Amino acid sequence: MPSFLRDFLVRNVVISDEAISELHATFLERIAAHNQAVQDESHKLTPFYIVRFDGRGYRTFSVEEAWRFYRSARSVERIVLGAVSEMGIRSNNMLGGQIDIVLNAGSNTNSHVVIGGESKDWVEATFSALEMSLSQRRNLATAIVRTQLTALLLQIVGVIAGVLLALWLATLTAPVLEGMEYPRTVAFAFWLLIYSNLWTYIQQRALAGIGALFPNVRFSRSGDHWTQALLRKGVETAGIAIFLWILGWLTRWASSVISPFLTGSV
C-alpha cells in the first residue's frame, strides 16, 4: 500500500450534473498538485473514468467520452473517478499515488473515496478537498429517511393500520359468525392474525421501496423523468404528515394521562 492512506464512505448525497463537474474539477486539481511535486514520470498520476449504466460498463481515459455515456444513459448505476500512476500499476498500488472515487447508485451498495500516496500533505489535502466537495451535496431528507427512525415509524404506522383494518373487517364479517359467541371478537382476532403474518413481508417491501427512492448516492441528472421526483416528494410529504399525526396523538395521550395528576382528581 502507499505510505499514507485516507478514506471515507459517501452517504446521503444527491449528485447533480453541476456537482459532478465541481467534483471533477477538484479531482483534476489534486492530480495536478501531485504531478507538479514529483519528478519521476512513472510516479505521475493519470486520470481514468468508469461509467456503468443500463447493465453494462465502460472504462475510458477521456472525460468527454465518459460524460457522453453518462448523459445518454437511461439509468446510471456507478461512476468511478480514478487516478493511478505507472508505478502504481506495476506494484498493484503498493507504490505511488492513487485516487479512487466510487459512487454507486444502488440502495444497498457502498460508495467510498480512497486517497493514497507517499506525501502525507498531499494525501491530507486531497482528502479534505474531496470530502468538502461531497459534503456540500448531502441531502437532509435522505439522511433522515435512512435511519432506524424510519423503520420504527413504519412499524408504528403498520400496527395502527393493522388494528384499524382488522376492526373494520371484523365489523363486516361478524354477521357471518352469528352462531358463535362474541362473533365480532372472533372475527377481529382472525383478521389481525392474517395481517400480522402478512406484515413482515409488507414491511420488508416498504423499507426496500423507501431505500430505492432514497439511496445513499442518487444521480439527479437533467432530463430525468419527473415522475421519480414527484414520487419522492410524495413520500417526503407523507412521512412528515405521519410524523406530525403520531406526535399529535402522543401529545393528546400524554395529556390525558398527566392531567388527572395536575388537577388532583386521582
Side-chain angles (χ1 to χ4, degrees), residues 4-36 45 47-53 63-64 66-71 73 75-83 97-117 119-150 210-226 228-233 235-237 239-240:
F4 300 96
L5 185 72
R6 293 294 303 273
D7 60 2
F8 63 91
L9 294 176
V10 181
R11 292 192 179 101
N12 307 321
V13 297
V14 176
I15 306 295
S16 63
D17 295 352
E18 179 187 0
I20 290 180
S21 297
E22 292 181 3
L23 179 63
H24 182 247
T26 303
F27 170 70
L28 293 181
E29 287 174 4
R30 298 316 305 161
I31 291 176
H34 178 277
N35 291 345
Q36 289 172 4
L45 295 174
F48 66 90
Y49 309 91
I50 296 174
V51 182
R52 178 170 176 78
F53 61 96
V63 64
E64 290 81 12
W67 186 247
R68 186 169 65 253
F69 289 145
Y70 176 81
R71 295 297 297 273
S75 176
V76 177
E77 302 164 19
R78 179 186 303 135
I79 290 180
V80 177
L81 280 66
Q98 69 172 116
I99 300 176
D100 288 306
I101 304 172
V102 181
L103 303 175
N104 287 299
S107 59
N108 295 317
T109 56
N110 287 328
S111 301
H112 62 270
V113 175
V114 177
I115 306 104
S119 169
K120 181 179 179 181
D121 291 340
W122 178 80
V123 169
E124 292 292 343
T126 303
F127 174 87
S128 298
L130 294 177
E131 186 180 41
M132 181 177 297
S133 178
L134 287 167
S135 66
Q136 294 173 351
R137 305 300 170 179
R138 288 207 175 101
N139 182 264
L140 180 60
T142 302
I144 293 174
V145 167
R146 295 186 68 87
T147 62
Q148 292 300 318
L149 178 62
T150 299
I210 292 172
L213 280 174
F214 298 91
N216 264 328
V217 174
R218 175 165 59 87
F219 297 113
S220 178
R221 300 181 300 157
S222 59
D224 278 350
H225 204 282
W226 60 270
Q228 294 183 353
L230 181 62
L231 182 58
R232 192 175 296 108
K233 289 297 182 183
V235 172
E236 291 179 11
T237 304
I240 293 172

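No experiment lies behind these values; they were computed from the predicted model shown.
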Working for side-chain contact (heavy atoms from CB on, under 4.5 Å), residues Leu81 and Ile99: CA-CA 8 Å; Leu81 280 66; Ile99 300 176; over 6 Å; no
Taken to the nearest 0.5 Å, the spacing of Ser111 OG from Ile15 CD1 works out to 9.0 Å
Begin with the C-alpha distance, continue with both residues' side-chain angles, and end with the deciding distance and a verdict on side-chain contact (heavy atoms from CB on, under 4.5 Å) for Val123 and Leu5. CA-CA 7 Å; Val123 169; Leu5 185 72; over 6 Å; no
Quick one: CZ on Arg218 to CG on Asn139, what's the gap to the nearest 0.5 Å? 6.0 Å
Distance check, rounded to the nearest 0.5 Å: Ser135 atom OG versus Arg138 atom CZ? 5.5 Å
So Phe27 and Tyr49, would you call those rings parallel, tilted or perpendicular, with 30° and 60° as cut-offs? perpendicular
To check you understand the geometry: which heavy-atom pair defines the closest contact between Ala125 and Arg30, and what is its length? CB-NH2, 3.4 Å
Once rounded to the nearest 0.5 Å, what's the spacing between atom CG of Leu45 and atom CG of Asn35? 5.0 Å
Apply salt bridge (charged side-chain N to carboxylate O under 4.0 Å, His left out) to residues Glu131 and Arg6 and explain how you reach the verdict. CA-CA 11 Å; Glu131 186 180 41; Arg6 293 294 303 273; over 6 Å; no
dist Thr150:OG1 -> Gln148:CD (nearest 0.5 Å) comes out at 8.5 Å
To the nearest 0.5 angstrom, please state how far the CZ atom of Arg52 sits from the OG atom of Ser75. 10.5 Å
Atom of Thr142, atom of Asn12 and distance for their closest heavy-atom approach: CG2-OD1, 3.6 Å
Between Leu103 and Phe219, which heavy-atom pair has the shortest distance, and what is it? O-CZ, 3.7 Å
Looking only at heavy atoms, what is the nearest atom pair of His34 and Trp122, with distance? CB-NE1, 3.4 Å
Tell me the closest heavy-atom pair linking Val76 and Phe53, and the distance in Å. CA-CB, 4.1 Å
Tell me, do Val114 and Gln98 make a side-chain contact under 4.5 Å, heavy atoms counted? yes
Between Ser21 and Asp17, is there a donor-acceptor pair closer than 3.5 Å when you use the side chain of the first and the backbone of the second? yes
Could you tell me whether a side-chain N or O of Ser128 sits under 3.5 Å from a main-chain N or O of Glu124, the two making a donor and an acceptor? yes
If I compare all heavy atoms of Asn104 with all of Asn110, which pair ends up nearest, and what's the gap? ND2-O, 2.8 Å
Donor + acceptor pair across side chains of Arg11, Asn216 (<3.5 Å): no
